[in-house]
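Reviewing the structure listed below.
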Amino acid sequence: MGNIFTLDGADVAVRAAAAVVVGTGCAGYNAADCLYDYGVRDVLLVTDHRKGGTSRNTGSDKQTYYKLTLAGEAPDSVRAMARTLFEGGCVDGDQALCEAALSVKCFLKLCQMGVPFPTNRYGEYVGYKTDHDPLCRATSVGPLTSRRMTEALEASVEKKGIEVLDRHQAVAILTDEGRVAGVLCLTRTEPRPRYEAIFTQNVVYATGGPAGVYQDVCYPLGHQGMSGLLFLAGAAGKNLTEWQYGLASLRPRWNVSGTYMQALPRFVSTDAEGGDAREFLQDAIPDAGELLSMIFLKGYQWPFDARKAQEGSSRLDLLVYQETKCKGRRVWLDFTRDPLGDAFSLDALVPEAREYLRRSGALLRTPIERLRRMNAPAIDFYRSRGVDLARDMLEIALCAQHNNGGVAVDRWWQSGVRGLFVVGEAAGTHGVCRPGGSALNAGQVGSERAARYIAAHAPVAPRPEQSLARCREQIAGAVRLGLGALRGSSNLEEAAREAKQAMSRVAAAVRDGAQISALLETTRERLRGFAGAVRIAAPTQLYALYRFYDILISQLMCLAAMEDYIAHGGKSRGSAIYSDTAGKKPFDALPEQCRFTLDAGDLSGRVQETRLCAANWTVQCDWRDVRPIPEEDDVFETVWRAYRETGNVD
C-alpha cells in the first residue's frame with residue numbers, strides 16, 4: 001500500500017504498477033497470466049467482486065467454446081475460420097484473423113490447465129455445429145464451461161503469486177495527454193469512504209459487457225459492466241447497436257435454450273399478480289404441429305434473430321415481448337403439463353424434431369419427463385436455486401444476453417487511448433452475427449494479444465508522486481461525484497429501475513425510432529442533472545451510485561448509436577428489429593412497433609464508431625469501411641527473422 005492522503009473527507013491511497021488488469025473473469029485472469037508468462041511480473045489484478053461476474057456465474061444448456069476444427073475429415077483453416085467470423089457483418093478482418101489464428105493456442109492452453117474439453121478415444125477434440133457455424137468448430141464441458149475456464153486460470157494466477165485487489169471497484173480511468181495514467185478505485189472494505197489510485201501506463205480492461213443498461217437480462221445477478229468509464233476516458237464505441245437477446249428465466253437468470261425448449265413446455269401468461277393463467281401462443285399460431293415444432297426449434301435457434309422473426313422460430317420471442325412489454329403481463333414456462341391440452345400430439349412435430357426425441361428416448365408423456373430423460377442436470381440446476389420444475393412454473397422474458405459491440409480496438413486490442421486495452425465482451429470485435437461460443441475464444445485471444453504487446457514494450461511502474469500531481473483534478477472530480485450525493489434519503493434504486501425498464505421497453509430487441517430519440521434526450525438530461533438529482537443515504541451506497549452513473553453513460557452511447565443507425569437507413573438485422581411503417585408484422589395481433597423490414601446488408605461492410613463529448617453529453621457518430629482480412633504472402637524466412645528481432649509486435 002502506498003501513501004494515503006485526504007480529499008474532501010475521503011481517504012485516497014496511492015500506489016503504482018507496470019500493468020493493471022481490471023476484472024477477474026476468463027479474459028482478465030488470462031491477461032494477468034499471459035503478462036506474467038511474458039515477463040511482466042509487476043501486475044495488479046483489480047476486481048469489484050472476485051467471485052462475481054459473468055464468466056464465473058453464467059452458462060446455458062451446453063455452454064460453447066468456438067475454435068478451429070480439431071477432429072474429423074472436414075477441411076478447415078485459419079483463413080476459413082476468419083472468413084466465418086468476418087462474414088457476420090461489421091467485423092474488422094484483422095481481428096477476425098487474430099481470433100482464428102490464436103484459437104488453437106488459447107484452447108490448448110486451457111486444456112493443459114485442466115479444463116476437461118472432451119476427446120474421442122484417439123485424442124481428437126470432437127465438436128458440433130453452433131449458431132452461424134458452417135463446420136463443427138464448437139465444443140463444451142457442459143453448462144458451466146466459462147466457470148471451469150475461470151477457475152483454471154484463477155488457479156494459475158494464484159500459483160504465480162499475482163496480487164489480486166478484491167472489493168476494488170473501478171470508478172475512473174485516469175488519463176494524461178491521450179494516454180492512460182491509471183485507475184481510480186473505490187475500495188468497498190471500509191465504512192469510511194476510501195479510494196485507491198493505482199498509477200500505470202498499461203491497463204487491460206476486462207469487466208464484461210454493459211449489462212446494467214437493461215432491466216431484462218440473463219447476465220448473472222450483480223453483473224453490470226462498467227463500459228461508461230471507457231467512453232468517459234476517450235475510448236470510442238464500436239457497433240453499439242448490436243446486441244444478442246433471447247428467452248431467459250428471471251429468477252434465477254439463465255438461458256432457457258437447448259433441451260429446455262426441446263422438452264416442449266407450456267407457455268403460460270398471467271396477470272401481474274400471477275392470476276388469470278392461460279396459454280397464449282396458440283392465439284397467434286393455431287396449427288398445433290407448427291407451434292410445437294417452433295417451440296422445439298427454439299432450442300437450436302435460441303437467440304432472437306430478425307431473419308427468423310417474420311416466419312421462423314423468433315416469432316415466439318415477439319409473442320413473449322407482446323405479453324410482457326405491451327400488455328404488462330408475465331410469462332412462464334410450465335414443465336408439468338403438455339401444451340395445447342387435448343390438441344397436443346408428438347406425432348404433429350416435424351420429422352426432424354420427432355426423430356430427435358425418439359433417438360433421445362424422450363417420446364414421453366410430459367415436458368418434465370422428456371427433460372429428465374434428455375438432460376437431468378438441467379432440472380438439478382434450477383432445483384439447486386430454489387425452482388423445482390416438476391412443481392413450479394418458471395418466469396421468463398426476452399432478455400439481453402451479450403453485447404456484440406463495445407469499445408473500438410485495434411489488432412492488439414488497444415483502444416484509441418494509448419495504453420488502454422479492452423478485452424472480452426467489453427471489446428467490440430463481434431459485429432452483427434457471431435458463431436455461438438466465439439465470445440469465449442475472443443476473450444482469450446484478445447487478452448493474450450494485449451499482454452504480448454504490453455510485454456514487448458518493457459513496461460515499468462511510473463513514479464506515483466508525479467502521476468498524482470498530473471491526475472489530482474481527475475481524482476477529485478470522481479470523488480466529489482460520489483460524496484456530493486450523500487444528501488439524506490436515497491432515490492437511487494428508483495431512478496436506476498426506471499432507466500433500465502425504459503431501455504428494455506424501447507431499445508432492446510424491438511426498437512422504435514421516435515421512442516429511442518425521446519429516451520436519448522431523457523438520458524442526456526439525467527446525466528446533466530445527475531449531481532443534483534440523484535441522492536444516496538450512506539457511504540455503503542457509493543458503489544451503486546457509481547454503477548448507475550456508468551450505466552447512464554452506456555445507455556446514452558447505445559441510444560445515440562441506434563438513432564444514428566436509423567438515420568443512415570439501417571433496417572432490422574442481427575438480434576433486433578426496427579419499427580418501420582412500410583414493413584410487415586409476423587402476426588396481425590402484434591403491436592405496430594413490430595412492423596419491420598429486413599436489412600439487405602447495405603451497411604454490413606461499414607462500422608459505426610461513437611465518441612462521447614462529456615462537456616454537453618453529446619455523441620459523435622462516424623462510419624468507416626471494415627478493415628479487410630489481411631492478405632500477406634508470408635515467406636517463412638522473412639517471418640522468422642522478424643520474429644527473432646521484434647517478436648512481430650508492431
Side-chain angles (χ1 to χ4, degrees), residues 60-61 216 218 246-302 313-325 327-349 353-354 356-357 360 362-399:
S60 62
D61 174 68
D216 295 335
C218 49
L247 297 178
S249 58
L250 302 182
R251 287 170 292 275
R253 297 177 176 181
W254 199 254
N255 297 354
V256 287
S257 58
T259 48
Y260 291 117
M261 291 291 109
Q262 291 159 354
L264 303 174
R266 289 201 314 150
F267 280 65
V268 177
S269 171
T270 71
D271 59 27
E273 288 72 39
D276 186 30
R278 63 180 183 83
E279 292 187 61
F280 64 97
L281 295 180
Q282 59 267 42
D283 294 344
I285 311 172
D287 183 272
E290 181 184 8
L291 177 55
L292 292 173
S293 298
M294 197 175 300
I295 295 172
F296 180 90
L297 285 174
K298 282 303 296 178
Y300 289 126
Q301 302 168 356
W302 176 79
S313 60
S314 289
R315 289 183 291 172
L316 295 184
D317 302 288
L318 292 179
L319 292 172
V320 171
Y321 169 86
Q322 180 184 36
E323 291 293 307
T324 56
K325 297 305 173 191
K327 297 182 179 180
R329 292 174 64 84
R330 301 165 72 182
V331 173
W332 312 74
L333 295 182
D334 179 10
F335 288 88
T336 67
R337 295 162 53 193
D338 285 326
L340 304 179
D342 293 339
F344 176 82
S345 172
L346 291 173
D347 293 333
L349 286 167
R354 180 173 171 77
Y356 182 95
L357 293 175
S360 301
L363 292 173
L364 301 172
R365 193 171 56 86
T366 62
I368 191 66
E369 291 178 10
R370 294 189 286 270
L371 183 59
R372 185 177 292 113
R373 176 60 63 91
M374 290 189 289
N375 190 357
I379 302 172
D380 298 338
F381 168 81
Y382 276 109
R383 186 183 295 116
S384 70
R385 286 154 176 82
V387 180
D388 185 353
L389 297 182
R391 179 194 65 209
D392 306 321
M393 292 200 300
L394 181 69
E395 187 172 9
I396 65 168
L398 182 55
C399 296

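- Residues passing the ring-ring contact (aromatic ring centres under 6.0 Å, His included) test with Phe280: none are found, sequence neighbours excluded.
- Expressed to the nearest 0.5 Å, how far CZ of Arg354 lies from CG of Leu292 amounts to 12.0 Å.
- One side chain, Thr336 or Asp334, offers a donor N or O that lies under 3.5 Å from an acceptor on the other.
- For Asp338 and Arg370, the salt-bridge test passes: some basic side-chain N is under 4.0 Å from an acidic carboxylate O.
- Residues Leu333 and Met261 have side chains in contact (heavy-atom distance under 4.5 Å, counting atoms from C-beta outward).
- For Arg278, the CZ atom is densely surrounded, since the number of other residues' heavy atoms within 6.0 Å is greater than 12.
- Between Ser269 and Glu323, the shortest heavy-atom contact is OG-OE1, 2.6 Å.
- No hydrogens or angles considered: a donor-acceptor pair under 3.5 Å links the side chains of Asp61 and Asn375.
- When side chains are defined from C-beta on, Ile295 counts as touching Pro265, because their heavy atoms get closer than 4.5 Å.
- Closest heavy-atom contact between Arg330 and Ala272: NH1-O, 2.9 Å.
- The CG atom of Leu264 sits 6.0 Å away from atom CG of Leu357, with the distance rounded to the nearest 0.5 Å.
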Is there a ring-ring contact (aromatic ring centres under 6.0 Å, His included) between Tyr260 and Phe381 once you walk through the steps?
-> CA-CA 12 Å; Tyr260 291 117; Phe381 168 81; 7.7 Å; no
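- Looking at residues two or more places apart in sequence or on another chain, you find a side-chain hydrogen bond (donor to acceptor under 3.5 Å, both in side chains) between Asp380 and Arg383.
- If you run side-chain contact (heavy atoms from CB on, under 4.5 Å) between Val331 and each of Leu394, Leu319, Thr324, only Thr324 comes through.
- Residues Met374 and Ser360 come closest through the heavy atom pair CG-CB, 3.8 Å.
- Of all heavy-atom pairs spanning Ser257 and Ser60, the tightest one is OG-CB, 4.0 Å.
- Note that CG of Asp392 is 9.5 Å distant from CH2 of Trp332, once rounded to the nearest 0.5 Å.
- Annotation: the span from Leu398 atom CG to Asp216 atom CG amounts to 8.0 Å, rounded to 0.5 Å.
- Using a 4.5 Å heavy-atom cutoff, the side chains of Tyr382 and Ser249 are in contact.
- Smallest separation of non-hydrogen atoms from Val320 and Ala397: CG1-CA, 4.2 Å.
- Residue Cys399 holds its SG atom at 8.0 Å from CZ of Arg253, rounded to the nearest 0.5 Å.
- By the 4.5 Å heavy-atom criterion applied to side chains, Met294 and Ile285 are counted as neighbours.
- By the side-chain hydrogen bond (donor to acceptor under 3.5 Å, both in side chains) test, Asp342 is found to be paired with no residue, residues two or more places apart in sequence or in another chain being considered.
- The distance from the CG atom of Asp317 to the CG atom of Leu247 is 4.5 Å, given to the nearest 0.5 Å.
- A donor-acceptor contact shorter than 3.5 Å links the side chain of Asp388 to the backbone of Ala390.
- Side-chain contact check for Arg337 versus Pro367: every heavy-atom pair is 4.5 Å or farther apart.
- The closest side-chain heavy-atom distance from Phe335 to Thr366 is not below 4.5 Å.
- Judged by distance alone, with hydrogens and angles left aside, the side-chain atoms of Glu279 form a donor-acceptor pair with the main-chain N or O of Leu340 at under 3.5 Å.
- For Arg329, the CZ atom sits in a packed shell: over 12 heavy atoms of surrounding residues, nucleotides or ligands are nearer than 6.0 Å.
- Annotation: side chain of Leu318 is not in contact with side chain of Leu316 (no heavy-atom distance under 4.5 Å).
- The pair Glu290-Arg315 meets the salt-bridge criterion, since a charged nitrogen lies less than 4.0 angstrom from a carboxylate oxygen.
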